[in-house]
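Below: the structure, in structure tokens.
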2 protein chains.
Amino acid sequence: MIDIAIFDEHKLVLEGVSGLLSGIADFRVVLACDNRHVLTEKLKSIQIHVLILNMHDISVRNLNLIVQLNISSPKLKILIVSVIDSEEIVLKTIKAGAKGFLGKDSDRDSLMEAIYTLRNGHDYYSKSITHLLLNRYISSIKADELSQNADIANLSSRQIEILKLWGESHTNQEIADRFFISVRTVESHKNHIMQKLNLKSTVDMVKFAIKNNIIEI
Amino acid sequence: MIDIAIFDEHKLVLEGVSGLLSGIADFRVVLACDNRHVLTEKLKSIQIHVLILNMHDISVRNLNLIVQLNISSPKLKILIVSVIDSEEIVLKTIKAGAKGFLGKDSDRDSLMEAIYTLRNGHDYYSKSITHLLLNRYISSIKADELSQNADIANLSSRQIEILKLWGESHTNQEIADRFFISVRTVESHKNHIMQKLNLKSTVDMVKFAIKNNIIEI
DNA sequence: ATTGAATTTACGTGTTTTACGTAAAGGAAA
DNA sequence: TTTCCTTTACGTAAAACACGTAAATTCAAT
């Protein structure tokens, strides 16, 4: 038996979803609520497994609600339901601590699936959301690859060696010792790197090294 | 009609997949090949829509093949089939330029679906792969959020202001001018930041600022 | 084979930044 | 009130940076 709470500021939707779930043997809708204050108060006293939260907008108010609930009820799994399945809203709610997101493509079956999944301690994202996130991720991977080998190819292997060590917080002296060269030479290499890449400061050089996977953050 | 090439170093598998596809009206298996050299040579003369590539391992040889084919035949869509659905192999092949990946959960239907999807110019990843990537992405999003507000809370707002400007490649003098304070004071602030966060070098300070979203890379 | 370009090495000189210590004024908290 | 932190700032020495110059070497190209 899974105990469920539903929150939606629109009474009609609230009743609809509530009715949808009440017919299922495994589920018990313990709380159906359209008032933010009532919701947080009630949740202090009763134990709920899954909270279904309908997000009409990504206001700070709404995001804060998620954050707050996660703090006050760490075991509670929050499932977001929203017709606005923009990247922004999905990412923000996930960051705020939601464990699942149902986009507008979701039906009764996926709602049930989501509730079971969350109850079992896993995350659930509906198909449209999965697509959204995946595309974003894939393109970030690809962008990653493109940014790589762009300017870095212009650096000599020696220059990269030195940039790498320096980017790992070694001093010029340490680098000089490791390569048996003079500190002045290390400085020269760094100067050449900066000139070649048109960097204005060493801060930029750190960023370059990170961007091009020469060093880890 | 979609023209397909299949490459697999195991003859048996090659024949199996080849037979699987030849029964479908929409598909034409133009080339079924178990030799790398023959594959690249033949692809120079014939136009193929989708190449099905069975990856038995993530050797540099295999990844290079993908890269090379993408250069020589930019229109060709490469679909990876592999029983090894580790994150590493998936990410590497995507980076190398593969447009789709079928994990071990894939059947004939998903193969067909993948081919159609690639032909239409979109990427395709089978369910297990989708899960794999999504989990990775989600956890990276969450890690992002966790790393934030960790140490940063210990810094005063003034210290953050100065770290931010410095992290945007401004000189101490510029920062001093902006806040109407002495350069020495700017230095002091930076010293205090380094002490407080136990950082060994300014390189570390850049990394800290990036990690904590004080500056962008 | 020779030229030309880039790399690697290194120094000079002056400026800026960092390291480490000290310190005073002001505010918040205990 | 005392204590702790912040913000301000200086002294001094060492390290790093900016900018220029330059020689030996390497490597690609003609």
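Every chain is numbered from 1, with letters handed out A, B, ... down the list of sequences.
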Give a yes or no on whether a salt bridge exists between A:Asp3 and A:Arg28, defined as a side-chain N under 4.0 angstrom from a carboxylate O. yes

Close side-chain approach of B:Val30 to B:Ile46, heavy-atom, < 4.5 Å: yes

Which comes earlier along DNA chain C counting from the 5' end, the contact point of A:His189 or that of B:Val183, where each point is its nearest nucleotide? A:His189

Near DNA chain C, which residues from residues 157-167 of chain B have a heavy atom under 4.0 Å away? B:Trp166

Distance in angstrom units between A:Ile181 CD1 and C:dC11 P, rounded: 11 Å

Residues which pass side-chain hydrogen bond (donor to acceptor under 3.5 Å, both in side chains) with B:Lys164, listed by chain and number, not counting sequence neighbours: B:Glu168

Generate the contact string for nucleotides 23-30 of chain C. Rules: B means base contact, S means sugar-phosphate contact only, - means no protein heavy atom under 4.0 Å. --------

So does B:Ala32 get a backbone contact from the side chain of B:Ser18, meaning a donor-acceptor N/O pair under 3.5 Å? no

Is the shortest side-chain heavy-atom distance between A:Val203 and B:Val203 below 4.5 Å? no

The salt bridge (charged side-chain N to carboxylate O under 4.0 Å, His left out) partners of B:Glu9 (sequence neighbours excluded) come to B:Arg36

Between A:Lys11 and A:Asp34, does any NZ, NE, NH1 or NH2 come within less than 4.0 Å of an OD or OE carboxylate oxygen? yes

Qualifying residues under side-chain hydrogen bond (donor to acceptor under 3.5 Å, both in side chains), relative to A:Lys44, sequence neighbours excluded: A:Glu41

When the axes are fitted on five pairs at both termini, how much does the helix from C:dA1-D:dT30 to C:dA30-D:dT1 curve, in 10° steps? 50°

With sequence neighbours left out, write down each residue that passes salt bridge (charged side-chain N to carboxylate O under 4.0 Å, His left out) with A:Asp8, or none if nothing qualifies. none

Heavy atoms, side chains only, cut-off 4.5 Å: are A:Leu102 and A:Ile52 in contact? no

Range on DNA chain D touched by chain A, heavy atoms, distance below 4.0 Å: D:dA16 to D:dC19

Listed once per pair and sorted, the side-chain hydrogen bond (donor to acceptor under 3.5 Å, both in side chains) pairs that draw on residues 174-187 of chain A, sequence neighbours left out: A:His170-A:Glu174, A:Gln173-A:Asp177, A:Arg184-A:Glu187

In the structure I gave you, are the side-chain heavy atoms of B:Asp123 and A:Asn135 within less than 4.5 Å of one another anywhere? no

In whole angstrom, what separates B:Met205's CE from C:dT18's C1'? 9 Å

Taking the side chain from A:Lys207 and the backbone from B:Gly167, do they hold a donor-acceptor pair closer than 3.5 Å? yes

What are the two closest heavy atoms between B:Ile78 and B:Asn70, and how far apart are they? CD1-ND2, 4.0 Å

Less than 4.5 Å apart, side chain to side chain, heavy atoms only: is that true for B:Val206 and B:Trp166? yes

Can you name the salt bridge (charged side-chain N to carboxylate O under 4.0 Å, His left out) partners of B:Lys75, sequence neighbours left out? none

Within the 4.0 Å heavy-atom criterion, would you say A:Thr202 contacts the bases, only the backbone, or no part of the nucleic acid? sugar-phosphate

When rounded to whole Å, the CD1 to P distance for the pair B:Ile193 and C:dT17 reads 15 Å

Please determine, by modelled atom types, if A:Lys196 and A:Gln159 share a side-chain donor-acceptor pair under 3.5 angstrom. yes

Every protein N/O within reach of nucleotides 12-15 of chain C N/O, cut-off under 3.5 Å:
from, atom 1, to, atom 2, distance (Å)
C:dG12, N7, A:Arg184, NH1, 3.4
C:dG12, N7, A:Arg184, NH2, 2.7
C:dG12, O6, A:Arg184, NH2, 3.1
C:dT13, O4, A:Arg184, NH2, 3.0

Under 4.0 Å, heavy atom to any atom of DNA chain C: which of residues 168-178 of chain A qualify? none

For a quick check of understanding: with a heavy-atom distance under 4.0 Å over all strands, which category does B:Ser182 fall into, base, sugar-phosphate or nothing? sugar-phosphate

May I ask you to check whether B:Tyr137 and A:Tyr125 place their ring centres under 6.0 Å from each other? no

